[in-house]
Amino acid sequence: MKLTRTIFRSALGKPFFLIGLLLFLNQPCFAQLDQWGYWENGLTESWWFSSKEFSAEEAVTAASRWKQIGTELNQKEILHGAGDYFRGSDTHGTYVRWAPQSGFIMAHIDKCQAKVMGLTYGSVKISGPQIHFIPELSKVYSHSSGHTHSNQLPEMRFVQVGWGRSLLLLNEAELGDFGDYVAGLGKYNYSDFRYSYYEEFFRRLNHASSESAKEDESLQPKMPSGYERFLKKPIEATITGVGRRILKRGYSYENPDGSGASHERVSITFVTVDVGTQNGVSAGMFLRVKVPDEGERVRLTRVGKTLSTGILIRDIGETYFDSEKEIPHSKPEVGWKLTTTPF
């Protein structure tokens, strides 16, 4: 995954980039770039810039600001949730470092290559619960065109949201999505999204692991005053009837007709639940079985006004782990409690 310095030297391509870079590196504020242009960021492996996408001045300025913000974070009491944040996956992601006085930097990183794919930096203004990021430069690499484009980004407004042991940095434009995320609604009502290897929103990096920080996300997020309206209630339901059970081969949860990445042999149990269109459900939605909590879901197949039909799919002989023991699933029963939220 890591590029060697030899590979990076060949990637620089144009001699003027090295010459310009070395001139900058001779300045007192050489920041965190070494002689080959690697950005020693202090969070992950060092990142690198391509001369085709960033000038030597842009590279050094970004690293210098990053270091300056870090100095402020180390020397002062951290206010307003300032610090380092990340969103993304194991292959691509965006790191944000910000502090009230020194401003902010967003670095879009191809983590497989440790390559900087985009940069946005500027100043910060605090206004009540709002944290304003005011961009001065924004350049992002476009895979479709193969070029880096400069954009005049508008001011970005963020708010801090505490959730268990985590601190999130949410763009105001994302607050509706966050409400759906917590409640398991909208585009977040799909199978197992909680367990995907993707950090959906900016989460502050700290010494606790990502998984341990998420352990208590069953708690209600703490929204800033005036933003509580963005939280949404999950849909709760109860199984009121258990119908026939059939066996099938090659069935999947992915699509309503059972197509997609399939299970080899499954049992399908039909159930009736006490929610319908008046509760906001629609055909295809998932409801997690929360009592008993054995990691299962019901997918709604037919929806009426107040009652709906769903299916519970299990691999033949499927079990679950409880206290590190493998146990057969419980037999579906009337009274089981369901919810849209996965938390």
Side-chain angles (χ1 to χ4, degrees), residues 1-2 41 43-45 47 81 83-98 104-120 133 138 140-144 153 156 158-223 230-232 234 252-255 260-261 284-288 295-297 299 339-343:
M1 298 284 276
K2 293 184 179 180
N41 56 80
L43 297 179
T44 69
E45 61 184 310
W47 305 324
D84 298 317
Y85 289 76
F86 174 78
R87 71 186 293 176
S89 67
D90 289 339
T91 60
H92 292 80
T94 300
Y95 292 86
V96 171
R97 171 173 284 187
W98 78 275
F104 78 94
I105 291 184
M106 292 183 174
H108 310 291
I109 305 297
D110 179 340
K111 296 172 70 176
C112 291
Q113 301 184 71
K115 180 183 178 183
V116 180
M117 306 297 291
L119 274 177
T120 302
F133 284 7
S138 181
V140 179
Y141 177 78
S142 171
H143 288 281
S144 59
L153 284 183
M156 296 173 280
F158 292 87
V159 295
Q160 297 282 355
V161 173
W163 197 6
R165 281 171 283 179
S166 295
L167 187 62
L168 306 181
L169 182 68
L170 300 183
N171 192 311
E172 281 194 336
E174 300 175 327
L175 289 173
D177 285 345
F178 180 69
D180 282 342
Y181 181 84
V182 175
L185 300 173
K187 67 180 181 180
Y188 297 107
N189 183 258
Y190 62 87
S191 177
D192 287 345
F193 83 82
R194 184 186 181 189
Y195 304 102
S196 63
Y197 295 98
Y198 188 85
E199 195 69 65
E200 192 74 21
F201 304 98
F202 285 116
R203 187 184 300 266
R204 189 164 71 178
L205 300 173
N206 51 40
H207 296 299
S209 70
S210 177
E211 289 306 312
S212 64
K214 294 180 181 180
E215 284 177 0
D216 47 6
E217 284 186 347
S218 59
L219 303 173
Q220 187 80 343
K222 296 180 180 178
M223 306 294 288
F230 288 101
L231 288 180
K232 301 172 184 177
S252 170
Y253 262 126
E254 288 188 24
N255 299 304
M285 285 186 67
F286 286 97
L287 299 173
R288 177 176 65 87
E296 296 192 290
R297 301 167 306 283
R299 182 163 196 168
T339 182
T340 53
T341 181
F343 301 105

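Here the structure is a predicted model, which means the values were calculated and not measured. We're numbering straight along the sequence, starting at 1. All values below come from the heavy atoms of this structure, side chains included, with hydrogens, waters and symmetry mates left out.
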Requested in this report: Measure the OH-CG distance between Y85 and L167 for me, rounded to the nearest 0.5 Å.
Outcome: 4.0 Å

Query raised in the report: N171 versus F202: any side-chain heavy-atom pair under 4.5 Å?
Result: no

Requested in this report: Would you name the heavy atoms of E45 and N41 that are closest together and state the gap between them?
Outcome: O-ND2, 3.1 Å

Query - Close side-chain approach of L169 to Q160, heavy-atom, < 4.5 Å - result: yes

Query raised in the report: Looking at NZ of K187 and CD of E200, how far apart are the two atoms once the value is rounded to the nearest 0.5 Å?
Result: 6.0 Å

Report task. Determine the minimum heavy-atom distance between R288 and F343, stating which atoms define it. Result -> NH2-O, 3.6 Å

Query raised in the report: Hey, does Y95 have a side-chain heavy atom less than 4.5 Å from the side chain of L43?
Result: yes

Query raised in the report: Quick one: NZ on K111 to CE on M117, what's the gap to the nearest 0.5 Å?
Result: 14.5 Å

Report task. For F158 and M156, work out which heavy atoms get closest and say how close. Result -> CE1-CB, 3.6 Å

Query raised in the report: How far does OG1 of T341 sit from CG of L287, to the nearest 0.5 angstrom?
Result: 11.5 Å

Query raised in the report: Would you say the ring centroid of W163 lies under 6.0 angstrom from that of F201?
Result: no

Requested in this report: Give the minimum heavy-atom separation between G164 and L219, together with the two atoms involved.
Outcome: CA-CD1, 4.2 Å

**Report entry** Main-chain N/O of G184 paired with N189 side-chain donor or acceptor, under 3.5 Å
**Finding:** yes

Report summary line: Between P234 and A183 the two heavy atoms that sit nearest each other are CB-O, 3.6 Å

Requested in this report: Grab the two heavy atoms, one from D180 and one from K232, that are nearest each other, plus how far apart they are.
Outcome: OD1-NZ, 2.8 Å

**Report entry** Rounded distance [0.5 Å steps], CG in L185 versus OG1 in T340
**Finding:** 4.5 Å

Query raised in the report: Parallel under 30°, tilted from 30 to 60°, perpendicular over 60°: which one fits the rings of Y181 and Y188?
Result: perpendicular

Query raised in the report: About how many Å separate CD1 of I109 and CH2 of W47, when rounded to the nearest 0.5 Å?
Result: 4.5 Å

Requested in this report: Would you please indicate if the ring centroids of F230 and F178 are separated by under 6.0 Å?
Outcome: no

